[in-house]
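Report on the structure given below.
Keep in mind that this is a model prediction, so the values were computed, not measured. All values below were derived from every heavy atom in this structure, side-chain atoms included, with hydrogens, water molecules and symmetry-related copies excluded. First the proteins, then the strands, lettered A, B, ... as listed; each starts at 1.
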2 protein chains.
Amino acid sequence: MTTTPQPAFRALSDPTRREILVMLSQQDMTIAEVSDHFDMTRAAVKKHLTVLSDGGLITVEPRGRERINRLNPQGMSPVRDWIAYFDHFWDDRLATLKTAIEGKFE
Amino acid sequence: MTTTPQPAFRALSDPTRREILVMLSQQDMTIAEVSDHFDMTRAAVKKHLTVLSDGGLITVEPRGRERINRLNPQGMSPVRDWIAYFDHFWDDRLATLKTAIEGKFE
DNA sequence: TTGACATGATACCTTATGGTATCTTATTTA
DNA sequence: TAAATAAGATACCATAAGGTATCATGTCAA
């Protein structure tokens with residue numbers, strides 16, 4: 001765990017922000033485009049994007065008067081790594097395997 | 001993603017709670033034992049434990065007048081699964097980058 | 001049984017957080 | 001150049017969240 005995962009965990013704790021991440025996984029978007037998908041003001045969406053950016057989960061690239069918001073999948077790493085620490089505490093390895101398999105096909 | 005990961009993400013968003021999880025990964029603990037490791041009141045720690053329990057990340061078992069708090073590693077699954085959705089985007093972009101780089105030098 | 005001990009429950013305080021409204025700045029484009 | 005467009009920046013509001021203080025309840029032990 002090299003970096004503190006706090007900003008990323010913080011960013012992921014809000015449902016709206018997680019939804020934005022899923023949206024951005026489909027395609028890059030401007031702030032206005034992201035805002036169109038939510039029933040809240042552009043300013044509110046902008047705040048969420050700032051939190052996501054602070055968490056390293058997205059990157060923002062200026063393009064003329066627009067800002068292209070882009071998913072940064074690597075930003076998940078601190079969170080993934082932190083979670084991974086607990087993998088070996090699974091007491092029932094069969095259950096682990098079973099859950100993993102079912103998860104894939106459900 | 002069968003269960004909504006919200007309560008788990010919420011539980012993980014606080015540093016104190018993540019520290020508690022690490023502690024409980026070492027050994028089960030009563031509320032008083034957990035409290036001894038922090039510079040805050042037992043009531044505050046109790047609240048964190050409630051959030052962790054709501055998030056499914058720990059289980060609480062009454063034992064006489066004590067409550068044994070125990071790590072529930074399976075509780076990480078909703079979070080792990082949600083994060084895993086983004087794995088392939090990471091791979092894709094890496095592949096894209098790799099292709100781009102190779103293109104440069106071929 | 002009585003006191004000590006572990007926890008539950010509640011009221012309350014302060015700050016963070018998610019949200020709106022509004023105004024300004026920087027680019028396009030007609 | 002002027003108007004429309006995209007976003008930045010603040011100020012402000014209500015509620016959630018983290019924390020303390022305090023009192024009630026259940027359980028153990030002398």
### Query
Do B/R17 and B/S13 have side chains that get closer than 4.5 Å, going by heavy atoms?
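In short, these two side chains touch, coming nearer than 4.5 Å.
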
### Task
Would you mind reporting whether B/V34 and B/M23 have side-chain heavy atoms less than 4.5 Å apart?
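Side chain of B/M23 against side chain of B/V34, heavy atoms only: contact under 4.5 Å found.
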
Could you go through nucleotides 8-10 of chain C and list every protein N or O atom that sits under 3.5 Å from one of its N or O atoms, giving the distance for each pair?
| residue | atom | partner | partner atom | Å |
| --- | --- | --- | --- | --- |
| C/dG8 | OP1 | B/R67 | NH1 | 3.1 |
| C/dG8 | O6 | B/R42 | NH2 | 3.3 |

Using a cut-off of under 3.5 Å, enumerate the N/O to N/O pairs linking the protein to nucleotides 27-29 of chain C.
| residue | atom | partner | partner atom | Å |
| --- | --- | --- | --- | --- |
| C/dT27 | O2 | A/R65 | NH1 | 3.1 |
| C/dT28 | OP1 | A/R65 | N | 3.4 |

### Task
Quick one: list whatever passes side chain to side chain contact (heavy atoms under 4.5 Å, CB included) with B/T16, sequence neighbours left out.
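If we apply the side chain to side chain contact (heavy atoms under 4.5 Å, CB included) test to B/T16, skipping adjacent residues, the hits are B/D14, B/I20, B/F38, B/M40, B/H48.
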
### Task
Using the test side chain to side chain contact (heavy atoms under 4.5 Å, CB included), find all partners of A/Q6 that sit at least two apart in sequence or belong to another chain.
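Side chain to side chain contact (heavy atoms under 4.5 Å, CB included) list for A/Q6, sorted by chain: A/T4, A/R10, B/P15, B/R18.
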
### Query
Listed by chain and number, what are the salt bridge (Lys or Arg N to Asp or Glu O under 4.0 Å) partners of B/R42, not counting sequence neighbours?
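Per chain and number, B/R42 pairs via salt bridge (Lys or Arg N to Asp or Glu O under 4.0 Å) with no residue.
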
### Task
Kindly write out the residues that satisfy salt bridge (Lys or Arg N to Asp or Glu O under 4.0 Å) with A/R80, not counting sequence neighbours, or none if the list is empty.
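So A/R80 forms a salt bridge (Lys or Arg N to Asp or Glu O under 4.0 Å) with B/D87.
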
### Message
Quick test of your reading: applying ring pair (Phe, Tyr, Trp, His ring centres under 6.0 Å), list the pairs with at least one residue in residues 52-71 of chain B, sequence neighbours left out, ordered by first then second residue.
### Response
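Sorted pair list comes back empty.
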
### Task
Give every residue pair that meets the ring pair (Phe, Tyr, Trp, His ring centres under 6.0 Å) criterion with at least one member in residues 7-37 of chain B, sequence neighbours excluded.
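Every pair satisfying ring pair (Phe, Tyr, Trp, His ring centres under 6.0 Å) with a residue in residues 7-37 of chain B: B/F9-B/W82.
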
#### Entry: Contact under 4.0 Å: A/H48 side-chain N or O vs C/dG19 OP1/OP2
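Yes, because at least one side-chain N or O of A/H48 sits under 4.0 Å from OP1 or OP2 of C/dG19.
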
### Query
If only side-chain N and O atoms of B/T30 are considered, is one of them under 4.0 Å from the OP1 or OP2 phosphate oxygen of C/dA6?
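No, outside the criterion.
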
### Task
Let me know the distance between CZ of A/F9 and P of C/dT17, rounded to the nearest Å.
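To the nearest whole Å, that distance equals 16 Å.
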
### Selection residues 27-41 of chain B - residue pairs positive for salt bridge (charged side-chain N to carboxylate O under 4.0 Å, His left out), sequence neighbours left out
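Pairs touching residues 27-41 of chain B that pass the test: B/D28-B/R70.
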
Expected list for residues 50-60 of chain B: side-chain donor-acceptor pairs under 3.5 angstrom, two or more places apart:
| residue | atom | partner | partner atom | Å |
| --- | --- | --- | --- | --- |
| B/T50 | OG1 | B/K46 | O | 3.0 |
| B/T50 | OG1 | B/K46 | NZ | 3.4 |

### Message
With side-chain contact (heavy atoms from CB on, under 4.5 Å) as the criterion, how do A/Q27 and A/M29 come out once you've worked through the C-alpha distance, each side chain's angles and the decisive distance to 0.1 Å?
### Response
CA-CA 6 Å; A/Q27 66 179 108; A/M29 291 177 141; 4.2 Å; yes

### Query
Thinking salt bridges, do B/R63 and B/E61 make one under a 4.0 Å N-O criterion?
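The answer is yes: the pair qualifies as a salt bridge.
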
### Task
Report which part of the nucleic acid A/A32 touches: base, sugar-phosphate, or nothing (heavy-atom distance under 4.0 Å, all strands).
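Sugar-phosphate: the residue A/A32, judged by heavy atoms under 4.0 Å, touches backbone atoms but no base.
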
### Task
Dump the intermediate steps for side-chain contact (heavy atoms from CB on, under 4.5 Å) on A/L12 and B/L12, then the final yes or no.
CA-CA 9 Å; A/L12 289 174; B/L12 289 173; over 6 Å; no

### Message
Quick check for you: name the first and last nucleotides of DNA chain D, 5' to 3', having an atom under 4.0 Å from a heavy atom of chain B.
### Response
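Listing 5' to 3', DNA chain D meets chain B from D/dA17 to D/dC28.
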
### Message
What residues from residues 13-23 of chain B pass a heavy-atom cutoff of under 4.0 Å to DNA chain D?
### Response
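Here the set is B/D14, B/R17.
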
